[in-house]
Number of protein chains: 2
Amino acid sequence: MKIHILTLSLCLEFLFLSSYAQNLKVNADRLHESLMTLSTFGKNEKGGTDRVAYSDHDLRARDYVMNLMRDAGMEVSVDYAGNIIGRRIGKNTSMKPISFGSHIDEVPNGGDYDGPVGSMSAIEVVKTLAENRLYTDHPLEVIIFANEEGGVIGSRALVGSLSSSALDVVSNAGISHAEGIRKLGGNPDRIPEVKRKPGDIAAFLELHIEQGGNLDREKINIGVVEGIVAIEWWEFTFKGKANHAGTTPMNMRKDPMLPAAKFVLAVNEIVNSYEGRQVGTVGKIQAFPGAGNVIPGEVKVNVELRDLSSEKIWQIYADLEKKAKELAFASQTELDINHIEVASHPAMADEKIREIIQAQAKNLGLSTLSLPSGAGHDAQEMARLAPMGMIFIPSKDGISHAPEEFSSKQDIANGANVLLGTILQIDRLFK
Amino acid sequence: MKIHILTLSLCLEFLFLSSYAQNLKVNADRLHESLMTLSTFGKNEKGGTDRVAYSDHDLRARDYVMNLMRDAGMEVSVDYAGNIIGRRIGKNTSMKPISFGSHIDEVPNGGDYDGPVGSMSAIEVVKTLAENRLYTDHPLEVIIFANEEGGVIGSRALVGSLSSSALDVVSNAGISHAEGIRKLGGNPDRIPEVKRKPGDIAAFLELHIEQGGNLDREKINIGVVEGIVAIEWWEFTFKGKANHAGTTPMNMRKDPMLPAAKFVLAVNEIVNSYEGRQVGTVGKIQAFPGAGNVIPGEVKVNVELRDLSSEKIWQIYADLEKKAKELAFASQTELDINHIEVASHPAMADEKIREIIQAQAKNLGLSTLSLPSGAGHDAQEMARLAPMGMIFIPSKDGISHAPEEFSSKQDIANGANVLLGTILQIDRLFK
């Protein structure tokens with residue numbers, strides 16, 4: 001009999017919570033206001049935002065964010081890598097936290113939505129729960145990652161993939177990551193201690209603007225991210241012989257510009273020859289010495305490939321390598337290929353979480369589209385530690401990393417409500 | 001009878017001078033020693049020479065050169081443009097000077113021969129005449145031009161083609177040309193006063209290393225320059241739409257890298273489709289913003305064309321323009337073409353002077369080759385003022401603008417002797 005009563009009580013609580021959670025919404029005005037306040041930190045004359053990680057603007061914005069977290073009842077700390085961690089206890093002390101968050105640093109002359117939308121929404125979700133005196137079973141953890149735009153520094157520290165040599169690299173703020181992390185209140189010497197193990201987190205969620213125009217173009221409210229693509233970079237260097245552009249007859253030149261130009265075209269052809277959504281880009285090409293009156297000695301062509309499948313990326317690369325070698329041979333130039341470490345393996349979203357996001361959006365009457373994320377995110381790193389899910393909202397014309405970034409107040413609130421619902425559902429289902 | 005005696009006397013003087021001049025030779029050792037001393041000013045650890053115009057090394061080298069000039073009996077001054085002028089009187093005060101010289105400034109990390117060979121030989125020629133107490137009818141004028149490598153600044157001032165806006169440009173020394181000229185003892189405000197008129201100079205000669213491998217490869221002693229090619233520069237900018245390299249599907253891109261690469265190949269094909277010795281070079285290509293993870297918004301392709309005929313250059317350009325427009329149209333990119341002012345019109349050598357150079361070389365038992373100069377020189381500017389001639393000597397492997405520049409002591413002496421003989425012959429024939 002006792003058991004039956006307990007079961008009944010659980011059922012009632014479940015039903016109550018379900019309907020309650022379905023009605024629970026974030027405060028769209030408050031969320032938008034905090035986002036607009038955040039956007040003032042580092043706003044430049046041209047309307048762009050100069051809030052690169054480690055800058056004074058970043059520091060002041062972080063203070064603002066930490067105060068918002070405290071106001072939402074969270075216990076706030078900064079870890080050794082400079083990540084801001086806001087914790088809220090759960091009813092079940094043996095459970096691992098559900099973690100969610102994003103970043104507030106921006107590219108130079110960036111916008112106000114890439115990162116801030118997910119960061120402010122995460123805090124608003126906790127504030128909403130606090131206002132409603134609603135406690136989840138799992139502890140909740142809001143993470144505002146340190147320096148996402150400069151190489152997902154904070155999330156790499158959390159998964160233990162941030163090498164000590166990476167700390168010496170000079171960041172966009174003009175100081176090394178080590179110095180920058182110190183400015184944030186971290187301690188670069190103790191970064192290995194922040195590393196977490198798979199299982200330390202129950203689930204990780206990130207809400208973000210879609211850096212691409214699919215949702216905006218198709219007027220869809222919510223993107224359910226299938227996964228985050230792998231990114232690989234190579235630098236193909238064709239080496240000929242630098243010479244005087246006036247005194248070296250055409251037939252005596254060993255000009256690496258010619259195979260390099262043919263290779264640029266081949267990259268496009270080869271990437272397009274595959275079925276699917278892979279992309280390949282030559283975003284950078286440089287001739288050395290790079291003077292109008294000198295036949296170049298070297299031309300460097302930077303190739304980036306992205307796809308959800310690493311295997312496909314390396315298949316395409318094999319084609320590129322073959323073609324580059326043929327071009328170098330035919331032009332009597334030498335070829336160097338340098339694989340550049342960008343630490344961007346593919347990360348699939350957890351299928352269960354995708355279903356939950358989908359269902360939450362449906363409950364809220366929002367349209368959805370499943371799509372890969374062509375851009376990298378902290379969630380890509382965090383997927384190594386826990387089941388990961390990402391929610392996208394539309395970004396006008398797909399613009400990001402620019403002052404013109406824009407998402408509507410309603411779209412942002414939609415995203416935050418889906419995040420809230422997803423957290424509550426995960427809290428129920430991930431035991 | 002009186003007339004006959006005068007005629008006889010003139011004939012005897014002519015014969016005496018002819019045979020004397022045929023035997024007159026520069027002091028090869030002294031010439032080489034002065035060249036080697038000059039090379040010490042600005043020598044860097046790697047064996048290159050950092051004697052860019054206006055640098056302290058340039059200033060000290062100029063002091064050395066002015067002392068050499070005084071030692072050769074010249075009256076030395078620095079004009080408002082910073083050119084060093086060494087004058088030696090002639091027997092006929094109504095005659096205009098025969099001018100000759102070169103430059104002693106170098107490109108960054110340059111060599112010891114491009115400029116110095118002609119400069120030191122010019123002084124050695126006067127020193128040789130002085131030692132032999134031989135006076136020409138024409139006054140002689142040795143000009144060491146200010147900042148040849150940074151845009152033939154000194155010679156442009158002499159012909160009146162140096163605009164005041166050009167003076168604001170920052171030079172390789174990191175200061176503006178105006179500041180630099182002041183350092184040299186010139187006065188940028190009074191540069192218009194140094195302008196000379198056509199006819200102010202009887203003839204202009206420059207001895208120089210061949211910046212190209214023709215003489216060295218074919219083991220020829222002396223190059224008789226036919227003329228200095230015209231140089232034209234254009235910047236072709238293909239404008240597409242910068243976008244995220246991860247989130248923009250291949251079929252939604254407007255990537256200017258593709259027409260730019262096709263255009264690079266077209267430049268080569270079109271230049272080669274013409275008969276003759278024209279050259280065309282893409283020495284510089286730049287993508288903007290130029291990041292591996294951004295589809296470029298713009299790609300700039302720098303095209304240089306050179307030929308003795310300006311007409312042919314502009315014919316080729318018309319083909320390039322047509323092709324670029326086709327490529328832009330086909331790729332839905334925009335095209336901007338910017339003609340860059342490099343002030344390098346063609347300059348034909350005076351035919352009479354070419355014959356004299358040829359004859360002088362033959363008298364000295366030296367082999368010759370007639371060839372165009374694919375590189376620009378101060379002589380190109382000076383050709384606007386007077387009949388111009390240039391003498392080339394071999395440069396090992398055709399290397400110039402690099403620490404590896406090398407011409408043998410014998411080749412340098414050969415060049416100086418041809419210069420000496422040519423001056424004496426011009427003195428006789430140009431009345």
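Residue numbers start from 1 in every chain, and the chains themselves are labelled A, B, ... in the order their sequence lines are given, proteins ahead of strands.
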Is Val271(A) close to chain B through its backbone or its side chain, or both, or neither, when contacts mean heavy atoms under 4.5 Å? side chain

Evaluate whether atom CD of Glu275(A) has more than 12 neighbouring non-hydrogen atoms of other residues, nucleotides or ligands under 6.0 angstrom away. no

Looking at Thr281(B), Asn302(B), Val229(B), which one has more heavy-atom pairs under 4.5 Å with chain A than the rest? Thr281(B)

Atom CD of residue position Gln315(B) - does it have more than 12 heavy atoms of other residues, nucleotides or ligands inside 6.0 Å? yes

By ring pair (Phe, Tyr, Trp, His ring centres under 6.0 Å), His401(B) pairs with (sequence neighbours left out) none

Would you mind telling me which of Gly376(A), Gly398(A), Gly280(A) has the largest number of heavy-atom pairs within less than 4.5 Å of chain B? Gly280(A)

Using non-hydrogen atoms only, which part of Ser400(A) is less than 4.5 Å away from chain B: side chain, backbone, both, or neither? side chain

I need the minimum non-hydrogen distance between Glu304(A) and Ala245(B), along with the two atoms involved. OE1-CB, 3.4 Å

Best-contacting candidate, Leu265(B), Leu371(B), Ile295(B), Val267(B), against chain A by heavy atom pairs under 4.5 angstrom: Leu265(B)

Check: Ile231(B) and Asn293(A) side chains under 4.5 Å, non-hydrogen atoms: no

Least distance between heavy atoms, Gly283(A) atom then Ala287(B) atom: O-CB, 3.5 Å

With a 4.5 angstrom heavy-atom cut-off, which part of Glu235(A) approaches chain B: side chain, backbone, both or neither? neither

Could you list which of residues 251-263 of chain B have a heavy atom closer than 4.5 Å to any heavy atom of chain A, in residue-number order? Met252(B), Arg253(B), Met257(B), Leu258(B), Ala261(B), Lys262(B)

Among Asn214(B), Thr248(B), Val264(B), Ile285(B), which residue forms the greatest number of heavy-atom pairs with chain A at distances under 4.5 Å? Ile285(B)

Evaluate whether atom NZ of Lys312(A) has more than 12 neighbouring non-hydrogen atoms of other residues, nucleotides or ligands under 6.0 angstrom away. yes

Check whether Val294(A) gets within reach of chain B through its side chain, its backbone, both or neither, counting any heavy atom under 4.5 Å. backbone

Would you mind telling me which of Asn243(B), Val282(B), Val299(B), Asp307(B) has the largest number of heavy-atom pairs within less than 4.5 Å of chain A? Val282(B)

With distance as the sole test, does Thr247(A) use its side chain to make a donor-acceptor pair with the main-chain N or O of Gln211(B) at under 3.5 Å? yes

Sort out for me which of Met250(B), Gln286(B), Lys284(B), Arg277(B) touches chain A most, counting heavy-atom pairs under 4.5 Å. Met250(B)

Taking Ala375(A), Ser373(A), Ala402(A) one by one, which has the highest count of heavy-atom pairs under 4.5 Å against chain B? Ala375(A)

Ranking Pro296(B), Ala291(B), Gly212(B) by heavy-atom pairs under 4.5 Å to chain A gives rank one to Ala291(B)

Would one find more than 12 heavy atoms of other residues, nucleotides or ligands at under 6.0 Å from atom NZ of Lys323(A)? no

